[in-house]
Amino acid sequence: MNVITPAPKALLRPPPVLPRPNEPCWCGSSEKYKKCHKEADGVFLREERVRLEKNRVMPGVVSPMREVPLSIRRPDYAATGTPARGDGSNVRTAEELVRMRRACAAAARVMRITGEAVKPGITTDALDAIAHDATCALGGYPSPLNYRGFPKSICTSVNEVICHGIPDSRPLQNGDIVNLDITVYLDGMHGDCNATFLVGEVDEESKQLVRVTRECLELGIAAVKPGRPLNDIGRAIEQHADKYGYGVVRSYCGHGIGSVFHTPLQVPHYYDARANEKMVEGMTFTIEPMINAGSHEDALWPDDWTAVTKDLRRSAQFEHTILVTKDGAEVLTVER
Ligand code: MF3
Ligand code: CO
Ligand code: CO
């Protein structure tokens with residue numbers, strides 16, 4: 001006699017929003033949820049939480065702040081940790097744009113150099129050293145260093161870390177994803193970009209997350225147009241992330257940038273009715289969507305910097321500094 005055992009239901013990932021017990025199951029069986037996948041979903045989610053807790057990123061040892069040669073021009077906060085407010089303008093003059101292009105091109109170059117060093121076994125502190133030295137070699141100051149007291153020259157955010165991870169002694173592991181966020185202060189202007197890299201052999205789910213997050217940035221950039229409200233950008237990003245059931249981080253936004261690292265101008269990556277300021281030709285700001293495999297919710301490590309997903313599932317991010325042009329956007333953070 002042949003007994004056909006059905007595949008165990010617990011192997012399937014339940015959807016982000018679960019049905020009520022008496023509603024039809026999400027699997028399409030037309031049975032009530034409580035009679036179908038409810039129990040299996042509970043097992044799946046409990047087992048996954050245990051696995052995620054066990055594999056979570058742990059803080060390592062943070063090395064001392066790196067030195068910047070005295071010949072390099074520093075931003076106002078380099079000594080004190082506290083940035084001045086600046087003039088609040090988000091529209092650049094032609095002369096400012098010349099300097100801004102140089103700062104942004106330098107950031108893109110440091111990104112390429114540092115990205116090439118990503119591999120299993122290298123510590124995030126070693127990546128910080130590479131980026132720091134490459135920035136100084138170009139005559140730039142690594143903007144994160146002592147910005148509001150941040151202790152390192154770049155941000156390195158691994159797996160469930162959303163952003164602002166502090167480089168430390170943790171070696172990258174085969175299968176990790178890591179975001180490098182690199183900002184360079186050069187010629188009196190900041191250029192800010194970030195990208196997520198695959199470390200060795202990475203699972204298909206994470207590869208999709210990284211690909212879709214890159215697409216979110218591209219779609220956000222494509223929504224830039226003078227005369228349109230800023231929230232067109234978040235709408236485009238959220239629409240794409242929604243198709244995959246991904247969460248769009250709400251606690252951290254893109255920002256105006258220029259002689260000041262973060263101007264008060266905020267660029268949300270979800271649709272926010274309040275972000276109705278119109279884009280203007282000559283504006284410079286970043287777009288930097290953080291996309292979570294699961295819930296959009298974030299939590300903070302006790303170091304008061306490292307932002308992680310609340311559900312410990314992975315998060316990816318890409319960032320460019322962009323200029324609003326006559327009919328669209330120019331990406332400034334490219335190598336020249
Ligand atoms: N580069 C980050 C951004 O995209 C900001 C880093 S601030 C730091 O806005 F202090 F954490 F470095
Ligand atoms: Co950045
Ligand atoms: Co930024």
Side-chain angles (χ1 to χ4, degrees), residues 59 62 65-66 68 74-78 80-83 86 90 100 103-104 106-108 110-111 114-115 124-125 127-128 131-132 135 140-158 161-168 178-186 189-197 213-214 216-217 220-221 230 233-234 237 249-269 283-291 298 300-301 303-308 315-323 331-334:
V62 179
M65 279 192 178
R66 295 182 203 282
V68 175
R74 294 154 148 71
D76 57 17
Y77 55 81
T80 61
T82 307
N90 291 296
M100 191 104 191
C104 288
V110 175
M111 175 65 76
T114 314
T124 49
D125 184 63
L127 294 172
D128 181 78
H132 179 93
T135 300
Y141 177 96
S143 306
L145 190 62
N146 207 31
Y147 180 78
R148 301 189 187 280
F150 191 80
K152 295 275 97 186
S153 303
I154 63 170
C155 301
T156 54
S157 301
V158 177
V161 179
I162 295 170
C163 64
H164 302 165
I166 301 172
D168 66 18
V178 60
N179 177 279
L180 307 181
D181 194 334
I182 293 179
T183 315
V184 172
Y185 182 72
L186 183 69
M189 302 302 244
H190 295 272
D192 187 4
C193 55
N194 77 49
T196 301
F197 296 83
T213 304
R214 189 188 292 108
C216 282
L217 173 56
I221 294 170
L230 275 167
I233 297 168
I237 291 168
V249 172
R250 305 171 77 92
S251 299
Y252 303 89
C253 293
H255 49 93
I257 182 168
S259 60
V260 171
F261 193 171
H262 298 95
T263 80
L265 182 74
Q266 294 205 7
V267 183
H269 304 111
M283 263 188 177
T284 53
F285 53 77
T286 72
I287 305 178
E288 46 181 302
M290 288 141 273
I291 306 296
D298 57 284
L300 200 57
W301 278 8
D303 65 17
D304 268 356
W305 278 109
T306 310
V308 292
S315 182
Q317 184 181 23
F318 286 87
E319 172 176 31
H320 274 306
T321 298
I322 66 108
L323 165 70
V331 176
L332 296 178
T333 32
V334 289

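Both ligands and their constituent atoms are indexed starting at 1 by order of listing. Positions are given from 1 along the sequence.
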Subject >> 2.8 Å cut-off met by an N, O or S atom of Asp181 to the Co ion (ligand 3) >> reply: no
Under 3.5 Å: N/O of [X] near N/O of ligand 1:
X      : answer
Asp181 : yes
His164 : no
Trp305 : no

Counting each atom of ligand 1 from 1 as listed, which ones have a heavy atom of [X] under 4.0 Å away?
X      : value
Phe150 : 8 (C), 10 (F), 11 (F), 12 (F)
Glu319 : 4 (O)
Thr183 : 1 (N)

Subject >> Aromatic ring pairing Trp305/Phe150, orientation class (parallel under 30°, perpendicular over 60°, tilted between) >> reply: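 The arrangement is perpendicular - the two ring planes meet at more than 60°.
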Original post:
In terms of the angle between their ring planes, are His190 and Tyr185 parallel, tilted or perpendicular, with boundaries placed at 30° and 60°?
Top reply: tilted
Is it true that [X] lies under 4.0 Å from ligand 1, counting heavy atoms only?
X      : answer
His262 : yes
Phe261 : yes
Arg148 : no

Location of contacts on [X] toward ligand 1, heavy atoms closer than 4.0 Å:
X      : answer
Tyr147 : both
Cys155 : side chain
Thr286 : neither

Counting non-hydrogen protein atoms only, what is the nearest one to [atom]? Give residue, atom name and distance.
atom                    : answer
atom 12 (F) of ligand 1 : Pro144 CB, 3.0 Å
atom 3 (C) of ligand 1  : Asp192 OD2, 3.3 Å
atom 4 (O) of ligand 1  : Glu288 OE1, 2.7 Å

Subject >> From Phe285 atom CZ to Ile233 atom CD1, the distance as rounded to the nearest 0.5 Å >> reply: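 Phe285 CZ to Ile233 CD1: 4.0 Å, rounded to 0.5 Å.
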Original post:
Rounded to the nearest 0.5 Å, how far does CG of Leu265 lie from NE2 of His255?
Top reply: 10.0 Å
Original post:
side-chain hydrogen bond (donor to acceptor under 3.5 Å, both in side chains) with Glu319: which of Asn194, Thr196, Asn179?
Top reply: Asn194
Original post:
Does one side chain, of His164 or Tyr252, offer a donor that lies under 3.5 Å from an acceptor on the other?
Top reply: no
Original post:
Between Asn90 and Thr263, is any side-chain donor less than 3.5 angstrom from a side-chain acceptor?
Top reply: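 Yes, side-chain donor-acceptor contact under 3.5 Å.
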**OP:** Please name the atom of Asp192, restricted to N, O or S, that is closest to the Co ion (ligand 2).
**Re:** OD1
Original post:
For the Co ion (ligand 2), which N, O or S atom of Glu319 is at the shortest distance?
Top reply: OE1
Subject >> Min side-chain heavy-atom separation Leu217-His269 under 4.5 Å >> reply: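 No, their side chains stay 4.5 Å or more apart.
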Original post:
Only one of Val334, Ile287, Asp192 forms a side-chain contact (heavy atoms from CB on, under 4.5 Å) with Thr321, so which one is it?
Top reply: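 Testing Thr321 for a side-chain contact (heavy atoms from CB on, under 4.5 Å) against Val334, Ile287, Asp192 leaves exactly one candidate, Asp192.
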**OP:** Quick one: the OE2 of Glu288, the Co ion (ligand 3), NE2 of His255 angle, rounded to 10°, please.
**Re:**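 Here the angle at the metal atom is close to 90°, to 10°.
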